[in-house]
Amino acid sequence: MRDDKMVLVAFGQATVSQTQNGAWMHPGSDPNVLQPEYYINLGREVERAGFDMLFFDDRWAMPGTYGRSFRDAVRRGTRVVKLDLLTILGLISAHTERIGLGATYSTTYFHPFHVARAFATLDHLSKGRAVWNIVTSLNQDEAENFGTPFMEHDSRYDRADEFLEVVTGLWETWERDAFRLDRSTGVFADPDKVHYLDHKGAAFVSRGPLTVPQPPQGWPVLLQAGQSGRGRKFAARWADLIFVVAAGIESGQKVYREQHTAFEEVGRTAAPGRILPAVQVVVGPTEAIAREKKAYLDSLSDPEEALILLSELSGLDFSSYDLDEPLPADIVSRTTGSQAIVSSIIGKLRANYGESATTRDLGEMMGSQSGVHIIGNPQQVADELCAWFEGRACDGFVIQQADTPGSFEDFGRYVIPELRRRGVVDEPPTRGTFRDRLGLDARAGR
Ligand SMILES: Cc1cc2nc3c(=O)[nH]c(=O)nc-3n(C[C@H](O)[C@H](O)[C@H](O)COP(=O)(O)O)c2cc1C
């Protein structure tokens, strides 16, 4: 039995779930997605359920690759509304006390000074609970919204490395004890402990100092989900938490070993980042009820919507392939977006539907069983999660939402008590910053 504990992250989207297509039509989904109460309630539910963290993903464009138009996506609500995450997390932080608060920001389209300041602010206002999901952004539509050419994959990561040097450097332009607010001496802050950064690099120039004192966590917690070789190398250098996709326990173990090799290569062996595969859980008091719930969720899903999402992720227009013809054999290498994720999806498709699987098969599979789905009663779900954890296929999980907040409520009601009983999850600690509570490496140097 391991002596560390599972990290549990609730994977949200602002506004509705696109990890389970059509879930916004489910009666367990709160329809008030443009109201503050929706997010306040979601944050409170996730905290009450016993998760360690609430995370929101993001993209900066509507899906427009499928049929080269946004119309199908808008009609179905396929990732077309994405509210600004730091505004939402500011709101949630005022109504929660313990959970980590994760937002996705891009190193390709933003400036490091802006990102350093935004997350330092959230870290202060949340008393040390800010988490940044670092993405390099993967599609053409986003580039068009920012008016820049779509950068090649590895050069996006080179830029991201420099971006992180600037952001973390800016967080340290204020030494930990520089901010005094000492009325007796009239010293607001110690000028000897505030510094220029003077960064001049290939992609960025930033003088500093930051206009926010050092965040309570030193560096807010860094999260990354790179799946390519270059992505794993980047994650090894920077990430405290790493999201991965793995089709099953064996592929999870392989990804886990590869990421640990990458940690060894950069010398981060004492407190390496924690590795968290994304899974969807449908749980009920009995297996039959859980299966009924899953069947109902699947009935809301539309195979074409899955193809819209996959077009966005891959950069390939799946509307241009005949629905009943086999997919091209070289479909993975045609991908301009995330090759690693598309390769895992196509691998699963061919394993289930054979080598001549069609576009229609792909849509159907993606609509109901993309990624890892764990369905069952509380004991069955806990058995599966523990097998991954004890088998060193992961250090915890990113639990993807379906109906919201219904699926997080179910996880808190049925699964977390069972995981506590088995000793792999503790009663949530309340003291210290989020970084301290997860036992993550202290990263700030001064
Ligand atoms: C659980 C999970 C969440 C992710 N969230 C986002 C996101 O919010 N925005 C985004 O642009 N990419 C997101 N990604 C994609 C990754 O950032 C990354 O681009 C992708 O995994 C491909 O990795 P690679 O660029 O190393 O090939 C996510 C990936 C995973 C596995």
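Remember, it's 1-based here, ligands and their atoms both numbered in the order they're listed. The figures that follow rest on heavy atoms only: side chains count, while hydrogens, waters and symmetry mates do not.
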Seminar exercise, completed: closest protein heavy atom to atom 1 (C) of ligand 1 is Phe243 CD1, 3.4 Å
Exercise. Can Tyr157 be said to touch ligand 1, with heavy atoms closer than 4.0 Å?
Worked result: yes
Problem set entry | Atoms in ligand 1 flagged as close to Gly226, the criterion being non-hydrogen separation under 4.0 Å | 23 (O), 26 (O)
Exercise. For ligand 1, is Phe11 a contact, meaning one of its heavy atoms is under 4.0 Å away?
Worked result: yes
Exercise. Out of Gln224, Lys233, Gln13, Gln227, whose heavy atom is nearest to atom 23 (O) of ligand 1?
Worked result: Gln227
For this session: State, without any angle test, whether Gln280 and Gln20 hold a side-chain donor-acceptor pair at a distance under 3.5 Å.
Result: yes
For this session: For atom 13 (C) of ligand 1, grab the closest protein heavy atom and report residue, atom and distance to one decimal in Å.
Result: Val135 CG1, 3.9 Å
For this session: Find all atoms of ligand 1 within a distance of less than 4.0 Å from any non-hydrogen atom belonging to Asp57, and give their numbers and elements.
Result: 5 (N), 7 (C), 8 (O)
Exercise. Which residue holds the protein heavy atom closest to atom 27 (O) of ligand 1, what is that atom called, and what is the gap in Å?
Worked result: His153 NE2, 3.2 Å
Exercise. How about Phe411 and Phe408: are their ring centres within less than 6.0 Å of each other?
Worked result: no
Problem set entry | Exercise: do Ser407 and Asp410 side chains pair donor with acceptor under 3.5 Å | no
Exercise. Heavy atoms, side chains only, cut-off 4.5 Å: are Trp219 and Asp240 in contact?
Worked result: no
Exercise. Phe397 vs Trp388 aromatic rings, parallel, tilted or perpendicular, using cut-offs 30° and 60°?
Worked result: perpendicular
Problem set entry | For atom 22 (C) of ligand 1, the protein heavy atom that lies nearest, with its residue and separation | Ser338 OG, 3.2 Å
Exercise. Which bit of Arg59 is near ligand 1, meaning a heavy atom under 4.0 Å away: side chain, backbone, both or neither?
Worked result: side chain
Problem set entry | Pick from Thr104, Leu138, Leu313, Val9: the one approaching atom 19 (O) of ligand 1 most closely through a non-hydrogen atom | Leu138
Exercise. Can a donor-acceptor pair be found between the side chains of Ser29 and Asp403 at a distance below 3.5 Å?
Worked result: no
Exercise. When Thr96 is tested against each of Arg129, Arg44, Glu45 for side chain to side chain donor-acceptor pair (under 3.5 Å), which residue passes?
Worked result: Arg129
Problem set entry | Pairing of Arg59 and Glu312 as salt bridge, 4.0 angstrom limit | yes
Problem set entry | Ser155 and Asp158 side chains, donor-acceptor separation under 3.5 Å | no
Problem set entry | Protein contact of atom 30 (C) of ligand 1 - nearest heavy atom, named by residue and atom, plus distance | Ala225 CB, 3.6 Å
Exercise. Which protein heavy atom lies closest to atom 7 (C) of ligand 1, and at what distance to 0.1 Å?
Worked result: Asp58 O, 3.5 Å
Exercise. What about Phe163 and Trp238, are their ring centers closer than 6.0 Å?
Worked result: no
Problem set entry | Proximity of Ser228 to ligand 1 by residue part, where a heavy atom lies under 4.0 Å | both
Seminar exercise, completed: atom 5 (N) of ligand 1 has as its nearest protein heavy atom Asn133 ND2, 3.8 Å
Exercise. Which part of Ile341 is near ligand 1, with near meaning a heavy atom under 4.0 Å away: side chain, backbone, both or neither?
Worked result: side chain
